[in-house]
Structures are given as C-alpha cells and as structure tokens.
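Single-structure report; data block below.
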Amino acid sequence: MRLRTLPSPFLINYHLTKPNLFGRSNWSFLSIPKPMICSSLTSSHSGGGGGVDDDGGNNNNNTNGTASFRNFKLNQSTFLASLMPKTEIGVDRFLHSYPHYDGRGVLIAIFDSGVDPAAAGLQVTSDGKPKILDILDCTGSGDIDTSKVVKADADGCISGASGASLAINTSWKNPSGEWHVGYKLVYELFTETLTSRLKKERKKKWDEINQEEIAKTLKQLNDFDQQHRKVDDAKLKKAREDLQNRVDFLKKQSEGYNDKGPAIDAVVWYDGEVWRVALDTQSLEDDSDSGKLANFVPLTNYRTERKYGVFSKLDACTFVVNVYNDGNVLSIVTDCSPHGTHVAGIATAFHPEEPLLNGVAPGAQLISCKIGDSRLGSLETGTGLTRALIASVEHKCDLINMSYGEPTLLPDYGRFVELVNEVVNKHRLIFVSSAGNSGPALSTVGAPGGTSSSIIGVGAYVSPAMAAGAHCVVEPPSEGLEYTWSSRGPTTDGDLGVSVSAPGGAIAPVPTWTLQRRMLMNGTSMSSPSACGGIALLLSAMKAEGIPVSPYSVRKALENTTVPIGDSPEDKLSTGQGLMQVDKCYEYIQKSQNIPCVWYRINIKQSGKTNPSSRGIYLREANACQQSTEWTVQVDPKFHEDADKFEDLVVFEECIELHSSDNTVVKAPEYLLLTHNGRTFNILVDPSNLSDGLHYYEVYGIDCKAPWRGPLFRIPITITKPVAVINRTPQVSFSEMLFKPGHIERKYIEVPHGASWVEATMNISSFDTPRRFFVDTVQICPLQSPLKWRSVVTFSSPAAKNFTFRVVGGQTLELVIAQFWSSGIGSHETTNVDLKIVFHGIKASQEEIVLDGSEAPVRVDAEALLASEKLTPVANLKKIRVPYRPVDAKISALSNDRDRLPSGKQMLALTLTYKVKLDDGAEIRPRIPFLNGRIYDTKFESQFYMISDSNKRIYSSGDAYPSSTKLPEGEYNLQLYIRHENLQILEKMKHLVLFIERNLEEKDIIRLSFFSQPDGPLMGNGSFKSSTLIPGIKEGFYLGPPAKDKLPKNSLQGSVLVGSISYGQLSFSRQGGHKIPQKHPASYRISYIVPPNKIDEDKGKNSSLSSKKTVSERLEEEVRDAKIKVLGGIKQESDEDVLEWNKLAALLKLEYPKYTLLLAKILEGLVSRSNIKDKFHHNEEIINAANEVIDSIDREELAKILALKTDQDDEEAEKTKKKMESTRDQLAEALYQKGLALAEIESLKEVDNSPASAATEGAEPDEQSKDDVIHPDLFDENFKELKKWVDVKCTKYGILLVKHERRSQRLGIALKVLTDIIQNDTEPAKKKLYELKLSLLEEVGWTHLATYERQWMIVRFPPSLPLF
C-alpha cells in the first residue's frame, strides 16, 4: 500500500493503498506494489464511478429496506445524505434516539497527512467547543532550526537567518532581548499540487516582467544598429556584442527558469509566559508592504491559543506553529495532502447550516497528528508514527484513526505494533485503521490496519445511495457491496484481517488551498473514519451513562452487531463480520456493561509441528487440503493492565460452549471452562472431501450463561483447495464465466512443480458498453511478502488480451477476475469471459547467480519439467552498487518534548555519515539492505537519510523506500538517521554498510555471453545461443564473466554489478523483448563482484633520469623544500599565527631570494587568509607579493622555451618544458591574484571615497590629469599581461575577464562569461561566483532576475543542514 508516487488529489477514483496512502494512505485502484494512502480523490463537482466497489447490504436489515434500487430515485435530502453516508451504519437512528450523544466528550487522534483548521466544518463541535485541540507535525518535515540567537540593533532590526534585515515590532514583549532566528523554503511546506499552482502563477508574472526587459533590450540593440550601419571599430563591436549578450541572457533565463520558491524568515522569542513566533512572508506577496515581519500577528503553540495563520492570499494555505527545545526548534505545520482533512471531516465535521453534510460524530473533538512526511510527498515515517502515539497518550485521546498502511512481510509484528499494543492495552485507546485498497484478491490486507490484533481493520462498502449520489452512476446496484479494490483477508497467519466494514466514500471537507470546500474521495481511508466516528458516538453515550470504556468491550459489541454483507461465509474475508450498526452496537453495550472487559487472545499451533504460532488456520497449499490435521488452540483472556488481581483476575471464570460452523469439516470440543490463566483445546480440520475453491469456517465460543453476547472469540479457518493441473500439456481453462458489475470469480490452481511463468489469454464477449476488469494473482511463500500481480484492463469491444506473469512452482495460485463495481452499470447484459492459462518453466541449477570476479565461468544446468521449452538464456548487468562504511557515527538522546515514550523511556538517535564521490553525473539510489523495505515489520523505530554537498545543499532525502536522485559530479555527504531506545543496539550499527546504487547508461550496460565449453570465455569460441529442452533431459552451458574492459570506469574493488538473467522464450514477447531479461516474468538476479584492479605494468617505467646533482646539493634542496612546506602548513587562524607566518616568510625570502616557488607559496598564504580587518592593506600585500613572483621570472626566456617544440623521446627536454609550464602557471596565478586585488581596491575606494570624489569635483583640471598620469590603469595593464600567457575565458581565470568587462560597463558580456564559468565548473558551486552574478544583475537593473537569484542563493548555500 505504499504508493510512492501519489496521483493528483483531483484525479477521479484514485484509490490509495500504500501502497495505500494508507500509509502511504488507504484509497484504492492502482496496481503499483509500493506504499501509499488508503483512498482515492475526486473533485466534488466531477462525476465518475471508477474506483469504488458496490456495497451490498447497505440497509439490508434496516426497517425501511433497500429492495428495489432499480427504481431508486434521489431527492435533495437523500442526495445530500449520500454525500456523507451515515444511514448505512445506523447513525441516523442512533442520533434520533440520543441526539446529545453525537461524539461529545470524545477526543479522536487523526494519524494522517494533517488537518486544516480552516476547512469547512472543522472549527467547532455541535455543542460549541473548539473542534481541533492540537495540530502536530510528528514527522519533523516542517521543523526549522532556530538555535541561532541574535539581538536587535539600535534601529530595532535583526539579521534573519536568510540574511535579510528584519524590523521588529516594538510592541512585542521580549524580556531577554534574545531572538531565535531560522528560515524555511516555503515550497518545502506545500504539497506538490499547491506548489505546481503557485509556480504557474508566479511564472506568469515573472514572464511578463522578463518580456518587458527583453523588449527594452531589443530596442536598444535595434537603435544601435540603426545608428551604426557599419561596425568596424573594436569598441563598437564590443558594445554591440554586449547588447546582444543581454538579449541572449534574458531569453536563456526564461528558458531555464526553475522556481525553487521564496524563503520565509522565522523569529521565535519568549515573551515571559509563552514562546511566540512571527514569520516574514514578504517574498510571497505582490505588495512590498505586505507580509512584513513587524505586521505579523504572533502565534504560539496551537494547543495554547488554537490560532492559525495563512501564508498569503496567493497560496491560501493554512499553517500553525509549535515551539520545542526551549525555542531552538520551530515546527511549522501544514498538511501534505487533502487526505487528512477529508478523513477528519468524515469522522467529525459539523455543518450547522446543512446537518446532512455533518460528519459521523459532529460533537467529537480531535487532535491532528501529521504522520505523512512532506519531504517524501506524503508517505509516513516511523518517527511520525511513534510521536503520534506519544501525543495521543499525552492528550488522553479516546480514539485513533489511521488511514495509512502498506503490505508487510510479517503480520502483527514490529516496533510500531508493540507500541500500539501498549497504547490499547494499558491506556485503553481504541485504534481504528483502514484495511487497504489492494483487493479483490485474498491476503491483501495491509499493515497495520489489517494485520494487527490490537487494531480494528475496516473494509470499504458502497451502498446504492452512495452509488447514485456521491458517484453519480446512471443506475445504482440493487444492493450494497464491498468496493472491488477493498483489501481482503485472511492474513498470512490466518487471522480474518478485516474486522468490520463501513462506507468507503464521501464528499467531505478539504483544505482551503485546494480552492474548494469539499471533494469526493473513496477508499478504505474513508471507511476507517466512518467507523471511527461511529465508535465516537458509542463512547459519547458510554461516558454520559457512566459505562466503563474499554477497547475490548467496544470491539466485541461492534463485531457482534453487524449486518452481513453478502450471502456466503466466504464473504467475511472481504467484509469482516459485516457492516457496522451503531444503534444495535449501543444496545449491546448497554446490556453488557457489567461484564468484565476481556480480550481473548488466540494462539494456534499445528499438532506435531514446531512452526510459528498463528491467529487462525489457513490451509492454502494442495498438500494441506488432502488430509485431516489437528490443531492446538490456546485461549488466553487478557485484561487491561490496571485490572485488579482479586476482583478481576482471580474471580474470572467462564463456561464456554464451542461451536463449529460446519462439523463435517471442522470438529471442536463442546465445552470449555476458561479461567484467567487460559486454556487449550484441540480442533480437527478435514478438507479432504471439499470441492475445489474457497471455503471459510469458524470455531467460536459462546457464553453458556449469556448466549446473547454472541461469539466471545472466533477462530477463522480459511481453506483454498486448488485444482490440480493434470493435462499432459500444462494448462487449465475456465470457460463461460458470466460477469455483472461487482462480480468476482476466484480460481485456485496448484502450480505444477517446475513452472516459473504463465502465459494467459483472456477472451471477452457478449456485452455492449465498455467493461473494466481487475485481473489479480497472489501466491504466498514463507517469510516473503505475497507474490502479487495485477492488471487493470478495459474492453471496449469483444477481444482477446494476453498476459504473462511469474509463478512459483508447487504453491497455490489464486487467480481473481473481477468486473469493476461500476463498470457496465446501466447495461443489463452479462459479460462472458473465457480464460486459458498455460504454465511454462525452465528449472536451472542456479537461478540466482553470483560471479566471483574471477575469469572462471559459472556452469548452469537447465531442464524443462513440464513440456518442451525453448532455452534462450539472456543476461545483463545494468546497475552497480558501491559499498560504503560510515566515516563518523554519533549517538544522541532526543528531546523530552516529542520523543519520550509513554513508558517513560527516552528515544535515542544514531547519525551515520558516509562520504560518497561521483566521478561523473549519475542517477543514484542509497540502499541499506538491513533496513530498507520495512516500516511496520521492523524492530527499529525509524530511518531517514539526507544527501548534501559541501555547501550543505540537500539534493535528496528518503526513508525505508529510497528514491533515485540525479546528482552532478562531485563529493557528497550522506547522513543516515536511525532511532531506537536501546543504546546497545545502536552501538552495533555504528559500522552499518550502505550501498550507493547507480544505473548504468544504455551504452554501458554489460550483456553477458554464454558458452558451451568451460574455456569459452578465454578462448573466444563455443558460443551458446539457444536450444530446445526436452522434459527429463538436462542441458548444460556456461555463463561467462564480463570482460574487464567492459567494467564501468573507476569501479572500486568490492563493488557489485547487478542485473538479471532469464532462461526461457516467451510466446507473447514483443519484438526485441526476449533480449531484455528484466522484461521476462521469470527473471532472476545476477551479481558480479568487482575484483582488485590490475597492477599498472608501466608503473616505475619512464622515470626521470638520475639526478646529476651532488649529495650536498640535493640535501640543500630538500631542506629548502621542507622549510617551504612548514610555511604552507601554518594555519593563520589567529593573530599569533599570522605573526609567526610573517616572520618565517621574511626569513625564507632572505635565505632564498628570487625563488619563485617560495614566493608563490607566500602569495598563496596571503590569499588564503580569512577574517581580514583591513581589506585595503591586505590587498596591497597581495599585490606586492604577486609582483615579487612576477619579477622573479624571466618572462622572455619563459616564452622562448614554451614556444619550442620538444622531442618526446628527449627526457631532459621534456623535464625542462614541464618545469617551465609549472613556472608559467605560477606567473599566471600571480597576475590573476594581482588583478583581483587591484579590482578589490578599486571597489573599496568607490565605497569609501564618496566624500573624496566630491572634493575631486572641485579640484583643478590640471590636478586631475596629473593624477591620472601618476596612476595609470594598472588593472588593464595587468590584464593584458595575463592574456599573453593563458586563456582568460577559462574557468580558472575567467573571473578577471568578468571584472574587466564590468569595468568597461559591458555587463552583458560579463554575465555571459560568468555564466559560462559557472556552467563549466565541475566543482561544487562557489558562493563568490553567484554573489558576483547577483551584483551584476543588480547593476544592470534587472530586479526580477536579482530576486530570482537571491532565492536560489539560499538553496545552493544554506547556512546549515536541515533537521532530521
């Protein structure tokens, strides 16, 4: 259910299944096996019926009934009611009887993407209390580092973290006078949808200004051309070139425009009572007087005053703030999708002007716990989940709703599940969550909602009224049903998975930034808050009536009072116990209020086996369905932690009558006496006489003294008896399957041993309007996530479609074909479907191959076990993974504000730093094999990484599901952040290996060769291409390693090249598809370990001639060089260091006068100094030092030698030439640094001598001309000298050319040269270059470009790394 790339929230029927944004969250529909939210989004004024499943049984047991929906007509009231469905679960009947039990007194924690406090219906409760008591960003994605403290200057201004000068409002109380400052790029707080809208609107305004500037500059160019018909003069040519460059520069800026968004400054202070926050949002406003810091109405933690702000009218985005760590961390909370607000609206919205649009519990209050991380789109993180649980306990919440989730490897396992168990069992919170949107196949429920015992997992139901109203279908179904995409049970350990069902679609409130009040979404993300709201009504009544509240008793009442959906026992796997009914549930609670609150934990083991225990019995494989099996069931009554040992535990004793739903298949004892310490009993399951297909049974326990209580516990037994493939040709066909909207066909097939892929053909006929089908397959393999394949196909006319997918031999395959619930509605024709499945397989002795880096090939023996197959092996290596170990590891204790667990334990964090170097630009993905791919089924709380360059610019961040990022050449820091409460465990991870995975370019992909002989790779003969395999006969061949010259350049020893290998030929393969193993459904991993590099045979050869110098001469040179090295090693960080350096430099100059290398080192030392107090004097020192270098070189002799052509075989001449080239470089560097110093002095004079310039204006003309003669243009002379020796347009010396053009007021040429330098520079971005560019833009007068460049400055050169 982790759908990493979420669709636009305005797409029709996008069912998120985190692979639900259900944790990525729970909506529905997509076949992408990655994380996501559990729901689908549709604009409220859009029609569309895709994406939702019909719920049959909406009001089936209601007094008014729902029999003839064929003739169902909506009126205004029923239409509005269908938009926020409540009748289906008995809410209207309950509130009619108990109007004041509408959620009052109940507090719900919404674990989601964030809730907008300005959204419609989320301001107050039905009894006038504040609706939202707190709004928290539990992920840290909105955190700002405000640890920097500044004080106001005499003018009442402070320096903001972005560098802006900010005026403080004099009315703000700040006794300490200390202001904490930070900044945030505002787009980091916005959703992708909002950012996209803002970019379009801002780009439109920016383009208008830029076009005006282009028009002005073009006019100047045209005017110039009209005035100068012939341009022969060099100065005129330069002038025209400058104008043309200005035009070109403006055009290129428009083409390369990339709006990273403005930065907003944040200021935090303590006013003597609370921490206050103010933001400067001028950069977001069109009006320069709007958004100033001093005009901001200060906010404090939302919980304290419940006030929020809006960034600007342009974005209409609401935010709240929270301050942590004594003012050192500011959290700006925004939502990361409309999902959370929609969920909150379903559960609790209150619309006094239109009660039919109320949420289920309009009297309930809520806190918003944002678990969707804005840095990851909206995907949840372990940090967010843990902090949300901490907050829900701290606020003493009654309920939690979480419409997020994803597939899991192990059900009811992991750190988050442990924390949830504590919250439920100790603190008595009721946890409700979406089951997922990965149906209709079985065993598709997601974590945590469908896989955790302590959580009530909710499936998604659609009623006829919902279909007619919210979904606007032409003709609603005759009865309600489960949405097609709603996830199904059982879990892999046999638990039912889905607890109950509730309406899975609604038109509910959404954030203000969407520019609409409400929209349609459907998914289990919507059914979960519907159920949660219903439970809030029950709690409201229980509290008012003094009935003890317990998650155990409420869940029991909920499950035992449902209305069945569907007619068969197997429907429970889709719907849970059925459609919840609030009114009947409350009647049950009233009747059972004096009964002990007990949860019956079920633990099952198969007799005679030591397999892990399970929560149900799941007989899925063929061998388990052929004979009777005996199972030992342990029933343990569990009380809340505060239960009294004498009054609750000792006296607990229940006489339980055991029932089997079918004694011919499942046999159980008749009675059981259950005490606090639990009891075991055995049951027998005999599936041997069952027909092929799906069967569901239950063993349940009834209180002998109070049978009205219904089942106290249930033991689910799911049997999928597969059909065996007995044909000589390994195929199976299903003919004339008839479909209507919402119909599902499930077929179970025992995949033959030796099969590895399937080729299927689906024929569809006998229909009029287009038909949409889900075709799903699932296989369950031990300790693996279910192997799932899906195709969503639409037939517009009778046709045949082919599919290929992977299978595992010997495991039961579930094949599901489902006609989408709303597909074909309005047409009374059934659809005829024929399906033919052909199994293929080639068994290889080594499916996954590791090449060890040697020259030896790997032998592979292949055989076909089912039928003749074409053996056409194909293998390639497409990726390289380079291993890294951390260069630094730090463990720190986290703050008490957000990271102290309810148990009192303090969370710890391990920060690992890795150094990564890329020799060229590449798309990379970090891989941490030990941690990746698990959010819920891991014992670690969370993981998060950030990749930054030497300027602290963040290029990428991620969590358990790393994303690919395009990085330019350079060196990077990757920081990995791991949280856990156990210090010893974190200590063990200090040397954790991380891989950087890079895709090879198409031209660099290594295609491996196959041979029929072991010596083939070296001899170059015996190539193996293809063969036909006959069943029972093996054929061997050899896979050769890659040629060493084909390995990626600079491949490090220990790196791993990764690719795929496939063995068989597909009948359905497209042209060329058989040459790409990754496209074969049955492809396997192949790895090649990069060996040590070969020894350089030329190393040591062609060494320089033995020195002709004497020993004393060589000794003197080495002593001299050692002294110079010492000089270069002195760090001039303090005044004492500088003094020591000056003394040594002076001594060495006396000892080695005119020695160019020494003089160049002295110049280098002067240039490297920082924190210069007297810049004028410092630049004069640089000029003098540069002159000494220049004077030490015989330039005429140097020019002669460099002009000579040398014989490459003459080693002495080559040595001399290299020495002269080094001398030339020293000369050029001296001229370059001298030029920079001269330019700096000139600019300092312009700034400092403005009064002097006024005096000069009054001087006599003769005095001015005399001054010019005395001080010629030294910069120009120096620049001309530099041009003699080097190309001044190159990156190294180009800055001097920029300054030269700037002095001549040719700013267009200067900008072009500077832009070229920046683009050609392969090193990390240099701040001085961009500061120079900014100053040029300001000098030209292009303020819109200067503003744009300032925004980019803080992106390229942030003052610090962001917080995790």
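Since this is a predicted model, take the numbers as computed values, not measurements.
- Shown here for Ala152 and Ile158, the closest heavy-atom pair between the two residues is CA-CG2, 3.6 Å.
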From CA spacing to verdict: side-chain hydrogen bond (donor to acceptor under 3.5 Å, both in side chains), Gln1132, Glu1140: CA-CA 9 Å; Gln1132 303 180 64; Glu1140 288 295 325; over 6 Å; no
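- Minimum heavy-atom separation, Tyr977 to Ala909: CE1-CB, 3.5 Å.
- Checked for salt-bridge contact, Lys252 and Asp248 miss the test: no charged N lies under 4.0 Å from a carboxylate O.
- For the pair Pro1048 and Ile880, the tightest heavy-atom approach, listed with the atom from each and the gap, is CG-CD1, 4.3 Å.
- Counting non-hydrogen atoms of other residues, nucleotides and ligands closer than 6.0 Å to CG of Asp233 gives a total above 12.
- For Tyr972 and Tyr955, the ring centers sit closer than 6.0 Å to each other.
- In this structure, Glu1240 does not pair ionically with Lys1175, as no charged nitrogen and carboxylate oxygen lie closer than 4.0 Å.
- For Lys990, the NZ atom counts as densely surrounded, since its 6.0 Å shell holds more than 12 non-hydrogen atoms of other residues, nucleotides or ligands.
- Annotation: side chain of Glu1229 is not in contact with side chain of Glu1164 (no heavy-atom distance under 4.5 Å).
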Derivation of the side chain to side chain contact (heavy atoms under 4.5 Å, CB included) call for Leu1202 and Met1220: CA-CA 7 Å; Leu1202 291 176; Met1220 289 299 101; 4.0 Å; yes
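- Looking at Lys1326 and Asp1321, a side-chain N of the basic residue comes within less than 4.0 Å of a carboxylate O on the acidic one, giving a salt bridge.
- The side chain to side chain contact (heavy atoms under 4.5 Å, CB included) test with Gln975 singles out one residue from Ile947, Leu912, Thr911, and that residue is Thr911.
- Ion pairing between a basic and an acidic side chain is recognised when a charged N comes within 4.0 Å of a carboxylate O; Lys1218 and Glu1221 show no such pairing.
- Put simply, the side chain of Leu1157 reaches to within 4.5 Å of the side chain of Gln1226, judged on heavy atoms.
- Using a cutoff of 4.0 Å between basic side-chain nitrogens and carboxylate oxygens, Glu1338 and Arg1350 are scored as salt-bridged.
- Remark: the backbone N or O of Ile996 is not paired with any side-chain donor or acceptor of Arg881 at under 3.5 angstrom.
- A 6.0 Å sphere centred on CD of Glu1180 holds more than 12 heavy atoms belonging to other residues, nucleotides or ligands.
- Distance check, rounded to the nearest 0.5 Å: CG of Leu1311 to CG of Leu1336 gives 5.0 Å.
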Derivation of the salt bridge (charged side-chain N to carboxylate O under 4.0 Å, His left out) call for Glu1349 and Lys1333: CA-CA 8 Å; Glu1349 198 61 39; Lys1333 182 179 180 181; 3.6 Å; yes
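- The ring pair (Phe, Tyr, Trp, His ring centres under 6.0 Å) contacts involving residues 1136-1164 comprise nothing, where partners must be two or more places apart or lie in separate chains.
- Taking 4.5 Å as the limit, some side-chain heavy atom of Arg1169 sits within range of a side-chain heavy atom of His1178.
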Test side chain to side chain contact (heavy atoms under 4.5 Å, CB included) applied to Phe1275 and Ile1241, step by step: CA-CA 10 Å; Phe1275 178 89; Ile1241 288 176; over 6 Å; no
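- In this structure, the side chain of Thr146 engages the main chain of Asn328 through a donor-acceptor pair within 3.5 Å.
- Salt bridge Arg1306/Glu241: absent, no basic N to carboxylate O contact under 4.0 Å.
- In summary, the side chains of Asn1320 and Thr1291 do not present any donor paired with an acceptor at a separation below 3.5 Å, with no hydrogens or angles considered.
- Rounding to the nearest 0.5 angstrom, the gap separating the CD1 atom in Ile1295 from the CG atom in Leu1314 is 5.5 Å.
- Counting only heavy atoms from C-beta outward, the side chains of Ile1354 and Tyr183 approach each other to under 4.5 Å.
- Using a distance-only test at 3.5 Å, with no hydrogens or angles considered, no donor-acceptor pair links the side chain of Ser1051 to the main chain of Leu1047.
- Closest heavy-atom contact between Ala161 and Pro1359: O-CG, 3.9 Å.
- The backbone N or O of Glu969 lies less than 3.5 Å from no partner atom in the side chain of Asp920, so there is not a single donor-acceptor pair.
- Arg1195 places a side-chain heavy atom less than 4.5 Å from the side chain of Ile1190.
- Between Leu1361 and Ile954, the closest side-chain pair of non-hydrogen atoms falls below 4.5 Å.
- Side-chain N or O atoms of Gln1319 include none that pairs as donor or acceptor with a backbone N or O of Asp1316 at under 3.5 Å.
- A side-chain donor from one of Glu1281 and Trp1285 sits under 3.5 Å from a side-chain acceptor of the other.
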Residue pair Val181, Asp265: steps toward the side chain to side chain contact (heavy atoms under 4.5 Å, CB included) verdict: CA-CA 7 Å; Val181 295; Asp265 274 291; 5.9 Å; no
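- Ion pairing between Arg1303 and Asp1276 fails under the 4.0 Å rule for side-chain N and carboxylate O.
- Leu1231 and Leu1296 make their closest contact through O-CD2, 4.1 Å (heavy atoms, listed as atom of the first residue, atom of the second, distance).
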Test side chain to side chain contact (heavy atoms under 4.5 Å, CB included) applied to Val916 and Asn973, step by step: CA-CA 6 Å; Val916 177; Asn973 289 327; over 6 Å; no
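- Judged purely by distance below 3.5 Å, without hydrogens or angles, the side chains of Ser1222 and Asp1225 never pair a donor atom with an acceptor atom.
- Distance alone, capped at 3.5 Å, places no donor-acceptor pair between the Trp1352 side chain and the Thr1347 backbone.
- Aromatic rings of Tyr1293 and Tyr1232 (six-membered ring for Trp) have centroids within the 6.0 Å cut-off, being under it.
- Between the side chains of Ser1335 and Arg1302, a donor-acceptor pair is found at a separation under 3.5 Å.
- Closest of all the heavy-atom pairs between Leu1163 and Ala1186 is CD1-N, 4.0 Å.
- Of the candidates Asp145, Val149, Ile144, Asp145 is the only one forming a side chain to side chain contact (heavy atoms under 4.5 Å, CB included) with Ser147.
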Trace of the salt bridge (charged side-chain N to carboxylate O under 4.0 Å, His left out) decision for Lys1123 with Glu1151: CA-CA 11 Å; Lys1123 291 179 179 180; Glu1151 189 172 358; 2.9 Å; yes
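- Glu1117 places none of its side-chain heavy atoms less than 4.5 Å from the side chain of Val1119.
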Asn1187 and Lys1234: CA distance, side-chain angles, deciding distance, side-chain hydrogen bond (donor to acceptor under 3.5 Å, both in side chains) verdict: CA-CA 8 Å; Asn1187 285 334; Lys1234 179 181 177 182; 2.8 Å; yes
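- Look at Glu1188 and Lys1149 and you find a salt bridge, because one of the NZ, NE, NH1 or NH2 atoms lies within 4.0 Å of a carboxylate O, short of that distance.
- Note on residues 1295-1337: pairs passing ring pair (Phe, Tyr, Trp, His ring centres under 6.0 Å), not counting sequence neighbours, are Phe1279-His1300, Tyr1330-Phe1357.
- Judged by distance alone, the side chain of Asp155 and the main-chain N or O of Cys157 form no donor-acceptor pair under 3.5 Å.
- Between the Asp242 side chain and the Ile1309 main chain, a donor and an acceptor come within less than 3.5 Å of each other.
- Glu178 places a side-chain heavy atom less than 4.5 Å from the side chain of Lys151.
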